[in-house]
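A short worksheet on the structure shown next.
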Protein chains: 2
Amino acid sequence: MTVIASWSTSSAPVDAAQFRQVFRRHAAGVAVVTADAGRGAAGVTVTSLASLSAEPPLLSFSISVTASTWPHLRDADTAVVHLLGAGHAELARTFATSGIDRFAAPTRWHRLPTGEPVLDSAAAWLRISIEHRHPRRQLAPGHRPGRGGRPRGGGAPLLYHDGSYHAL
Amino acid sequence: MTVIASWSTSSAPVDAAQFRQVFRRHAAGVAVVTADAGRGAAGVTVTSLASLSAEPPLLSFSISVTASTWPHLRDADTAVVHLLGAGHAELARTFATSGIDRFAAPTRWHRLPTGEPVLDSAAAWLRISIEHRHPRRQLAPGHRPGRGGRPRGGGAPLLYHDGSYHAL
């Protein structure tokens with residue numbers, strides 16, 4: 001079950017900066033999602049990849065509808081999810097940079113027999129079938145998200161990797 | 001937009017072990033979600049927390065419907081998301097352990113004036129309003145997920161934290 005929630009209290013206005021400050025404390029694995037909906041290779045860096053279940057093998061990720069890659073993922077039936085290794089920060093930056101050809105050199109890639117672009121250097125990748133696209137709905141009128149949390153605190157984030165917990 | 005996808009090819013049966021092996025390469029930040037739907041404090045460790053947008057401030061996480069905390073999150077309107085720091089592996093383990101009272105000592109917690117349980121030691125937390133619950137739908141009959149990826153590869157995962165990339 002995927003739960004979508006808003007930051008919420010009954011007392012104060014939305015504060016996007018404070019929300020961002022909380023999530024700055026969060027660490028995430030980095031993935032690049034590529035697809036070709038018939039208009040050429042497209043791809044984007046995402047930090048929201050999650051495994052939903054192994055049986056059946058389901059995953060999720062989120063992408064802004066204002067991202068240049070969104071129209072491609074909207075129209076494609078399949079895509080490739082690449083999990084990036086520690087040495088691939090430059091690849092992550094490339095696929096998070098606007099206004100460039102992300103598939104130009106030094107990006108190395110090829111196509112699967114079924115057409116999807118695959119990045120040669122990714123640590124691991126999966127071809128996926130897109131099952132559902134859940135739009136972020138507008139919040140109901142009268143909804144008043146706002147302060148209700150403690151965004152500060154010290155230290156590095158806790159991470160989960162390969163079955164155990166780690167510090168960054 | 002949240003995209004839900006299945007591991008897919010046209011050629012081979014589902015292999016949950018191989019899917020798990022790919023996601024063992026993925027690193028994730030660790031959070032604990034708590035709620036009280038009127039039947040006492042409940043909470044669970046999740047590694048699927050993601051920020052969907054800052055304006056409006058929206059987040060998502062996933063939880064198995066077989067988790068003991070799911071009925072509480074199903075029935076609660078609000079919850080608290082705690083982001084764990086590097087020193088809180090024991091807290092993460094506690095809220096991932098079945099058959100124990102996760103709120104018993106040494107867990108330290110209190111309630112918000114609105115009733116939600118808050119863990120005293122979390123690095124940061126947000127009170128949230130649950131907006132939507134998206135069930136993981138059954139895959140369509142005839143759907144044949146399976147092999148279509150490269151699960152092996154060397155090295156540590158790439159992480160995104162506080163605006164930059166890191167190795168584990």
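By convention in this document, chain letters (A, B, ...) are assigned in the order of the sequence lines, proteins followed by strands, and residues within each chain are numbered from 1.
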From the list B:Leu73, B:Thr47, B:Val80, B:Ile63, the residue making the most non-hydrogen contacts under 4.5 Å with chain A is B:Ile63
Looking at every heavy atom in both [X] and [Y], which two are closest together, and how far apart are they?
{"X": "B:Phe19", "Y": "A:Ser53", "result": "CE2-O, 3.3 Å"}
{"X": "A:Ala54", "Y": "B:Ala16", "result": "O-CB, 3.4 Å"}
{"X": "A:Leu58", "Y": "B:Ser6", "result": "CD2-CB, 3.7 Å"}
{"X": "B:Met1", "Y": "A:Val65", "result": "CE-CG1, 3.6 Å"}

Please state whether the side chain, the backbone, both or neither of B:Thr45 comes within less than 4.5 Å of a heavy atom of chain A.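 Answer is side chain: those atoms of B:Thr45 sit under 4.5 Å from chain A.
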If I measure from the heavy atoms of chain A, does B:His166 come under 4.5 Å with its side chain, its backbone, both, or neither? side chain
Taking every heavy-atom pair that is under 4.5 Å apart, which of [options] has the most such pairs with chain B?
{"options": "A:Ala79, A:Ala167, A:Ala89", "value": "A:Ala89"}
{"options": "A:Ser51, A:Ala50, A:Ala67", "value": "A:Ser51"}
{"options": "A:Gly163, A:Ala5, A:Ala17", "value": "A:Ala5"}
{"options": "A:Ser60, A:Ser48, A:Gly87", "value": "A:Ser60"}

Mark yes or no for whether B:His132, through its side chain, and A:Val3, through its backbone, hold a donor-acceptor pair below 3.5 Å.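 The answer is no, because no donor-acceptor pair under 3.5 Å joins these two groups.
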Can any side-chain N or O of A:His161 pair as donor or acceptor with the backbone N or O of B:Arg24 at less than 3.5 Å?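 Flag set: sc A:His161 to bb B:Arg24 pair under 3.5 Å.
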Interatomic distance, [X] atom [atom1] to [Y] atom [atom2] [nearest 0.5 angstrom]:
{"X": "A:Leu158", "Y": "B:Glu90", "atom1": "CG", "atom2": "CD", "value": "11.0 Å"}
{"X": "B:Glu131", "Y": "A:Ile4", "atom1": "CD", "atom2": "CD1", "value": "9.0 Å"}
{"X": "A:Glu55", "Y": "B:Arg20", "atom1": "CD", "atom2": "CZ", "value": "5.0 Å"}
{"X": "A:His134", "Y": "B:Leu52", "atom1": "NE2", "atom2": "CG", "value": "11.5 Å"}

Residues in residues 27-36 of chain A that sit under 4.5 Å from chain B, counting heavy atoms only: A:Ala27, A:Ala28, A:Gly29, A:Val30
Interface residues of residues 92-102 of chain B facing chain A - heavy atom cut-off under 4.5 Å: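 Only B:Ala92, B:Arg93, B:Ala96 of residues 92-102 of chain B have a heavy atom under 4.5 Å from chain A.
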Determine whether more than 12 heavy atoms belonging to other residues, nucleotides or ligands lie under 6.0 Å from atom CZ of A:Phe23.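 Atom CZ in A:Phe23 is packed in, count exceeds 12.
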Does the side chain of B:Ser62 come under 3.5 Å of the side chain of A:Thr2 through a donor N or O and an acceptor N or O?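 A donor-acceptor contact under 3.5 Å links the two side chains.
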